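Worksheet for the structure shown next.
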There are 2 protein chains.
Amino acid sequence: MKAGSAQWWRARYAARERQRPRAGGLELGRITRAALEIVDAEGLAALTMRRVAEEIGVRHTSLYRHVASRDELLVELVDHVLGEVVPQTTGRGWRADLEQAAWEFRRVLLAHPAIVPLLTLGQLLGPHALRGREFGLGLLTRAGWAPSRAVHIYLTVAHFVIGTALLGTGGAARGAEERTAMTELFAGLPQYPLVRELAEPLNIPDGDQEFDFGLTALLNGMGDPR
Amino acid sequence: MKAGSAQWWRARYAARERQRPRAGGLELGRITRAALEIVDAEGLAALTMRRVAEEIGVRHTSLYRHVASRDELLVELVDHVLGEVVPQTTGRGWRADLEQAAWEFRRVLLAHPAIVPLLTLGQLLGPHALRGREFGLGLLTRAGWAPSRAVHIYLTVAHFVIGTALLGTGGAARGAEERTAMTELFAGLPQYPLVRELAEPLNIPDGDQEFDFGLTALLNGMGDPR
DNA sequence: CAAACTATGCGTCCAATGGACGCATAACGC
DNA sequence: GCGTTATGCGTCCATTGGACGCATAGTTTG
């Protein structure tokens, strides 16, 4: 069964209820936490089962008691990260609430950039993902949006947040060597004059400005509920 | 040097000029083409150097003459795919052109869903990526948008396209078992009433509708140049 | 309180993978 | 025609994900 599919999640939820954890024993939370530390510090490539086990102080085969494969670990890791998202209502209307939630989501993704590509691994049906969905949909339906409309808005905003996080600041060149390498690169490619000319603005120091621009445009273009 | 960095791209472009390809010999194009076939048919996990080599009819170590590592192959593969994007001007104004380009970009990404997560691997500075940038920026500046504005719009739309492609149809359950597994899953989780209630609309059969909604809202909210 | 049960971690083992390195060779420019 | 050199091949190795059976300690039940 493919990790991350609806079927897999179903079995996973069932297994979580069935199990009786042991005191002092290993548990999923400790595994995903160790995995997240590694990924944050050294990137996705450094995340091996052996490395995770070492971090916990255990042989790597022990992990397979709690996670059937590395792919499963990655899927659980994603939901673990989504658990860091804590959206809150602002009391200033649905739009402010939605913007706040989007920024909060963005904050978490930027804090763990290495896991963003993992969002494709399977469907986002973990407990934390569902909590987020519930929050967003509640927000919009309470504001008076029709269900189908609420779904559209929710998905659109979520996808926008993920897309911007995935590409970071749009490929900004960080560091001195990167900057010089980039200008040298463009200097040798006269066929792209605009790219070279706009290289400076494309190197946005922080993508927050661009995120703000896009999110505002998105919400402006959506109108109001009825 | 990290594959996909500006420095790497610079060295890469230089190497490409320096080299004298040999008739009948292996070349980068054949490698990326074979890699793409494998990825499309069997997913990213099936893409091993040995598998690619087998497809071409060559020992896997031979590939390392043209590509220093698997990561480099992936970066090249991404640009190869971006080469399939062929945006065109419609003659019906900048907004129509931009929409057309966005749909074209989306079409290509959906045709090769497995490579979408790879868009994070490095900066998109390959020849095909730059061609796309040049097109988009040209479109917007010709329409009268100020440079900084053009950059923002370009990035926002690009990120939106990628975000929607990354999450596909928002986690729609495809196939009968997936659908039943999903309803069974929600049935056991009474704490998320809205998620369950809106499960049907969330399972959009094709994300095109949602994409259209988001893109329209985005462009509506941006106003006009000048 | 003792015995049965069972979840858990460990040891060992294996196949597949990414990659390094030196060598033979055949195509190209002169 | 000849040297140069890009190219592909053979061999080798460390690392990785994972399978499987076993010993053991915590929990439950009599």
Side-chain angles (χ1 to χ4, degrees), chain A residues 1-4 8 11-12 14-35 38-39 42-77 114 118 121-122, chain B residues 1-4 8 11-12 14-35 38-39 42-77 118 121:
Chain A
M1 187 166 5
K2 197 198 161 194
W8 179 86
R12 197 78 182 152
R16 208 171 287 194
E17 280 181 13
R18 199 181 323 119
Q19 89 183 188
R20 279 176 304 180
R22 205 113 122 189
L26 201 49
E27 60 181 351
L28 191 60
R30 270 176 67 202
I31 297 179
T32 52
R33 220 172 308 138
I38 295 170
V39 162
E42 304 169 45
L44 201 56
L47 185 71
T48 68
M49 300 301 274
R50 284 171 156 89
R51 186 87 171 62
V52 173
E54 185 188 356
E55 204 79 6
I56 301 180
V58 119
R59 296 271 170 275
H60 82 280
T61 51
S62 301
L63 302 178
Y64 290 93
R65 289 280 167 194
H66 302 87
V67 138
S69 68
R70 184 171 181 266
D71 274 349
E72 279 202 14
L73 171 58
L74 295 180
V75 171
E76 291 283 1
L77 177 59
L118 302 181
L121 283 184
Chain B
M1 189 168 0
K2 198 198 160 196
W8 180 86
R12 196 80 182 150
R16 209 171 288 194
E17 279 180 14
R18 198 182 324 121
Q19 89 183 191
R20 280 175 303 180
R22 205 114 121 189
L26 202 48
E27 60 181 351
L28 191 60
R30 269 176 68 200
I31 297 180
T32 52
R33 221 172 307 137
I38 295 171
V39 162
E42 304 169 47
L44 201 56
L47 186 69
T48 68
M49 299 300 275
R50 284 171 156 88
R51 185 88 171 62
V52 172
E54 186 188 354
E55 204 79 7
I56 302 179
V58 120
R59 295 273 169 274
H60 82 280
T61 52
S62 302
L63 302 179
Y64 290 93
R65 288 282 166 193
H66 302 90
V67 139
S69 68
R70 184 172 181 267
D71 273 350
E72 278 202 13
L73 171 58
L74 295 180
V75 170
E76 291 283 1
L77 177 59
L118 302 182
L121 283 185

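These figures come from a predicted structure and were not determined experimentally. Letters A, B, ... mirror the listed sequences (proteins, then strands); counts begin at 1.
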* Structure fact -> Nucleotide by nucleotide, nucleotides 12-22 of chain D touches protein heavy atoms under 4.0 Å in the pattern (B base, S sugar-phosphate only, - none) ----BBBB-BB
* Structure fact -> Atom NE2 of B/His66 and atom C1' of D/dC9 are separated, to the nearest Å, by 14 Å
* Rounded to whole angstrom units, what separation is found between the CD1 atom of B/Ile38 and the C1' atom of C/dT17? -> 14 Å
* **Heavy-atom pair of closest approach, residues A/Ala114 and A/Gly43** => CB-CA, 4.5 Å
* Sequence-distant partners of B/Arg12, salt bridge (Lys or Arg N to Asp or Glu O under 4.0 Å), two or more places apart -> B/Glu72, B/Glu76
Show me the donor-acceptor pairs within less than 3.5 Å that the side chains of residues 44-53 of chain B make with the rest of the protein, sequence neighbours left out.
| from | atom 1 | to | atom 2 | distance (Å) |
| --- | --- | --- | --- | --- |
| B/Thr48 | OG1 | B/Arg51 | N | 3.0 |
| B/Arg51 | NH1 | B/Glu55 | OE1 | 2.7 |
| B/Arg51 | NH2 | B/Glu42 | OE2 | 2.4 |

* To do: Quickly work out the A/Ile56 CD1 to C/dT8 P distance and round it to whole Å.
  => 14 Å
* Rounded distance in Å - CZ (B/Arg30) to P (D/dT7) -> 13 Å
* **Distance in Å, A/Arg33 CZ paired with A/Leu28 CG, rounded so as to fall on 0.5 Å steps** => 10.0 Å
* For the pair A/Leu73 and A/His66, evaluate side chain to side chain contact (heavy atoms under 4.5 Å, CB included) and give the outcome as yes or no after the intermediate values. => CA-CA 9 Å; A/Leu73 171 58; A/His66 302 87; over 6 Å; no
* Asked: Whole Å only: how far is the CD atom of B/Glu27 from the C1' atom of D/dG8?
  -> 15 Å
* Considering residues at least two apart in sequence or located in another chain, which fulfil the side-chain hydrogen bond (donor to acceptor under 3.5 Å, both in side chains) criterion with B/Thr32? -> B/His80
* Taking only side-chain nitrogens and oxygens of A/Ser62, does any of them come within less than 4.0 Å of OP1 or OP2 of C/dC10? -> yes
* To do: Quick one: do B/Glu27 and B/Ile31 satisfy side chain to side chain contact (heavy atoms under 4.5 Å, CB included)? Show the steps, please.
  => CA-CA 7 Å; B/Glu27 60 181 351; B/Ile31 297 180; over 6 Å; no
* **Rounded distance (nearest 0.5 Å) linking atom CG of A/Leu63 with atom CZ of A/Arg30** => 10.5 Å
* Asked: End-to-end bend of the helix from C/dC1-D/dG30 to C/dC30-D/dG1 (five-pair axes, 10° rounding)?
  -> 30°
